There are 2 protein chains.
Amino acid sequence: MSSRVTLKQIARELDVSVMTVSRALNNRSNVDHSTRQKVLETAQRLGYRPNHIARSLVMNKTNTIGVIVPEITHSFFPEVIRGIEQTVHQNDYQLILMHSMENQEREAQAITTLESKRVDGLLISTAETVENYENYQKLIDESYPLVFFDRCVFDIGASCVGVNDRTSAREVTEHLIEHGYKKIAHLHGPEKVSIGKNRLDGFLEAMQQHDLEVRDDWLVPSALQEKGGYQAMNQLLDLPESSRPRAIVAVNDPSAFGAMHAIYEAGLDVPDDFAIVGFSDDIRAKLMSSPLTTIRQPAYEVGKKASEKLISLIEDPEEEIEQLIVPTELVVRESCGCPAEEETHKMSRFMEFAE
Amino acid sequence: MSSRVTLKQIARELDVSVMTVSRALNNRSNVDHSTRQKVLETAQRLGYRPNHIARSLVMNKTNTIGVIVPEITHSFFPEVIRGIEQTVHQNDYQLILMHSMENQEREAQAITTLESKRVDGLLISTAETVENYENYQKLIDESYPLVFFDRCVFDIGASCVGVNDRTSAREVTEHLIEHGYKKIAHLHGPEKVSIGKNRLDGFLEAMQQHDLEVRDDWLVPSALQEKGGYQAMNQLLDLPESSRPRAIVAVNDPSAFGAMHAIYEAGLDVPDDFAIVGFSDDIRAKLMSSPLTTIRQPAYEVGKKASEKLISLIEDPEEEIEQLIVPTELVVRESCGCPAEEETHKMSRFMEFAE
DNA sequence: ATTAGGTATGTAAGCGCTTGCAGCAGGAGT
DNA sequence: ACTCCTGCTGCAAGCGCTTACATACCTAAT
């Protein structure tokens with residue numbers, strides 16, 4: 001640690017120049033075979049570890065990408081990170097992980113830090129409280145490689161990998177409609193976050209297309225965590241019984257869980273009193289006492305695609321900006337009170353690995 | 001990006017030396033007030049971001065720690081990472097995350113990479129397939145700051161933050177014994193991983209203390225994921241009915257989930273045919289159709305303590321090596337077939353946030 | 001007036017590595 | 001004999017920043 005071995009030491013040991021050692025270690029062509037052997041040997045013997053810091057300084061390249069996620073507690077983002085890790089590792093990059101805690105200020109800090117660390121590119125999923133896109137705009141103006149994932153920012157000149165939130169939200173809403181529900185409420189996310197706006201749009205589209213009334217007080221803002229859904233649902237429960245909705249489209253699964261909690265707490269039931277659907281297929285969705293109908297997002301895939309795009313962007317400045325959509329899948333379970341074919345076996349609710 | 005601004009540019013702009021700029025930006029005392037103002041202003045205007053790479057090179061300090069986790073899919077490690085992130089952020093460090101995928105080779109690679117990145121210290125939870133401790137020993141010999149977490153390596157001269165696996169395993173086993181079970185099997189983890197060995201020891205201790213027979217074929221090796229538990233349980237189910245155990249202590253929750261899967265698949269039930277207990281209180285444990293009795297490990301706390309210890313170690317070479325134990329808690333649910341007081345309400349199984 | 005001491009700035013060197021170019025062999029080509 | 005090319009090696013400079021030391025100026029003390 002204190003006495004880290006350097007090129008110089010190897011050079012002195014063998015009485016050659018630093019350059020020869022550098023070349024030998026970097027597999028350059030113009031080094032005599034026997035010299036290279038000797039260098040490799042001594043490097044090994046001395047326990048040489050190349051100093052990436054020095055290398056990065058001169059090469060102006062760190063082979064590191066920064067990842068900013070808004071939260072990391074449950075299943076979605078860890079799974080995305082797994083996907084990112086995989087690609088990044090295969091391409092000889094590393095990943096610095098930062099965590100905005102759904103907070104714009106911490107996100108801004110994270111960006112600054114990562115810039116200072118001279119990461120080669122950035123992967124961002126915007127925080128819930130993001131109010132403006134200045135920080136992103138600055139990055140793009142400096143043509144810093146940047147790819148958004150899951151929560152996108154459009155029309156700003158950055159690539160994004162996500163799902164088609166609007167279409168998927170419409171699909172899940174239509175599923176409710178097709179099964180006879182007419183009084184449908186939406187617990188919607190923040191409008192500045194793409195998933196909030198797009199899922200709301202998808203919901204509205206489905207409702208309009210089927211000529212269903214969208215009451216103002218059935219559009220309840222919900223934060224993206226359990227608590228948000230809980231509070232939003234309680235707002236609906238405060239309505240006189242006659243003007244309550246019969247079904248709920250939640251902006252995501254955690255929000256739906258929170259809503260379910262509020263429903264049970266009020267002594268009511270899912271799906272008998274309220275049908276409810278979520279979005280993202282959280283690991284817990286299928287395990288709920290009334291398993292949640294939801295939209296499955298291929299998180300691993302999102303991470304993989306996003307990091308692949310970013311690395312292309314880094315390595316080829318000609319690489320074009322684009323929006324990548326990974327397909328989702330409607331997963332019908334009991335919470336919507338529609339006949340589902342899925343998941344008959346007690347335990348298959350849980351297991352997927354079985355050979 | 002291409003034209004990043006440097007101290008030199010600010011210096012030229014103001015017609016002062018690089019040093020003055022450096023001093024102003026680093027809040028050193030000996031800079032004229034008006035000069036400092038001007039520097040700060042231009043730095044702001046030009047969008048200066050200090051180059052941590054250059055700084056690290058000369059200071060021989062990166063303010064970065066490396067974290068190696070064996071997996072990141074479910075709840076435990078993400079939660080640990082949250083704890084780490086928190087401390088690290090508060091202390092102005094950053095975190096490079098690496099993922100060994102339970103594989104010794106990838107872990108070794110990760111260590112090398114992190115050394116090359118000159119991280120100031122390492123936080124490691126050993127991979128399941130780790131067969132020897134050479135890589136760790138080398139780090140310690142170089143007195144590279146190193147703290148293990150959750151899965152520890154003892155007697156090697158490194159600090160560790162974890163739970164008392166032996167005592168906790170004994171506790172959960174005794175819980176079964178106290179409720180009348182005598183024929184108890186253990187799905188044990190790899191011996192080279194502390195949690196494997198210590199939980200096995202705890203299990204054996206409890207059994208011996210109560211003069212219960214420990215049949216060889218009731219000690220079944222299980223990997224630490226669902227699949228391992230599934231295979232191990234099937235081995236028990238292959239025994240003639242009369243020599244099957246009545247209760248199962250699984251090395252961790254995922255292993256228990258796998259075992260439950262095997263049990264259901266065999267048309268049997270939990271806890272009526274097999275009582276089962278796990279370890280770690282995975283986010284899914286309480287949601288199983290027969291909620292899992294388990295040992296709750298305070299993951300966030302483990303991450304927090306481990307990173308605090310590491311940072312102390314980095315900043316004060318006198319800081320002593322120690323083993324930190326965070327307390328666990330037995331969580332009794334239905335899977336062990338013992339009367340549980342907990343969790344009466346349908347949904348409280350799930351929610352903790354409620355105000 | 002002379003000196004010591006403080007304040008504000010600049011100069012030099014170097015962290016460990018790379019790129020660019022120069023140098024020196026020796027073998028081939030005319 | 002001469003140049004020319006190829007193969008291997010070394011030298012110099014510099015990435016952006018810091019520490020250590022030197023310099024200039026100014027004020028207070030003798």
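Treat the numbers as computed from the prediction; the structure is a model and nothing was measured. Each chain gets a letter, A, B and so on, in the order its sequence line appears, and its residues count up from 1. Only this structure's heavy atoms are used, side chains among them; waters, hydrogens and symmetry mates stay out.
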Below the 4.0 Å mark, does dC17(C) have OP1 or OP2 next to a side-chain nitrogen or oxygen of Ser22(A)? no
Atom-pair distance (NE2 on His52(B); P on dG16(D)), nearest Å: 16 Å
Would you kindly check whether a donor in the side chain of Arg118(A) faces an acceptor in the base of dG16(D), or vice versa, at under 3.5 angstrom? no
Once you apply a heavy-atom cut-off of 4.0 Å, does Met59(B) come out as touching a base, just sugar-phosphate, or nothing? sugar-phosphate
How many Å lie between NZ on Lys8(A) and C1' on dG10(D), as a whole number? 15 Å
I need the CE-P distance between Met19(A) and dC21(C), as an integer number of Å. 14 Å
Here the distance between atom C1' of dG10(D) and atom CZ of Arg12(A), to the nearest Å, is 17 Å
Distance, rounded to the nearest Å, where Gln37(B) contributes CD and dA8(C) contributes P: 14 Å
As a test of reading the structure: which of dT9(D), dG16(C), dG10(C) is closest to the side chain of Leu57(A), going by heavy atoms? dG16(C)
Does Lys192(A) count as lying over the ring of Tyr133(A), i.e. NZ or CZ under 6.0 Å from the six-ring centre, within 45 degrees of the axis? yes
Counting any heavy atom closer than 4.0 Å, what does Asp32(B) reach on the DNA or RNA strands: base, sugar-phosphate only, or nothing? sugar-phosphate
A side-chain contact here means heavy atoms from C-beta on lying under 4.5 Å apart; do Ser125(B) and Val80(B) qualify? no
Among the candidates dG10(C), dG16(C), dC15(C), find the nucleotide nearest to the side-chain atoms of Val58(B). dC15(C)
Could you tell me if the ring centre of Tyr136(B) sits under 6.0 Å from that of Phe148(B)? yes
Asn51(A), nearest nucleotide to its side chain (from dG16(C), dT9(C), dT19(C)): dG16(C)
Can you tell me if Ser17(A) touches the phosphate of dT9(D), counting only side-chain N or O atoms and a distance under 4.0 Å to OP1 or OP2? no
Any side-chain N or O of Tyr48(B) under 4.0 Å from OP1/OP2 of dG16(D)? no
d(CZ, Arg49(B); P, dG16(D)) in whole Å: 16 Å
To the nearest Å, how far apart are Leu25(A) CG and dT9(D) P? 14 Å
Quick one: is dG10(C) close enough that its OP1 or OP2 comes under 4.0 Å of any side-chain N or O from Thr20(B)? yes
With the side chain counted from C-beta on, respond yes when Arg36(B) and Arg23(B) share a heavy-atom pair under 4.5 Å apart, and no when they do not. no
Closest-nucleotide ordering on DNA chain C, the 5'-leading residue of Thr35(B) and Leu7(A): Thr35(B)
Between Arg55(A) and Asn30(B), which residue's closest nucleotide on DNA chain C lies nearer the 5′ terminus? Asn30(B)
What is the nucleic acid contact for Arg28(A), judged by heavy atoms within less than 4.0 Å: base, sugar-phosphate only, or nothing? sugar-phosphate
Between Tyr93(A) and Ile314(A), what is the shortest heavy-atom contact and its length? OH-CG2, 3.6 Å
Could you tell me whether the side chain of Leu97(B) reaches within less than 4.5 Å of the side chain of Ile72(B), counting heavy atoms only? yes
Arg36(B) CZ to dT7(C) C1': how many Å, rounded? 13 Å
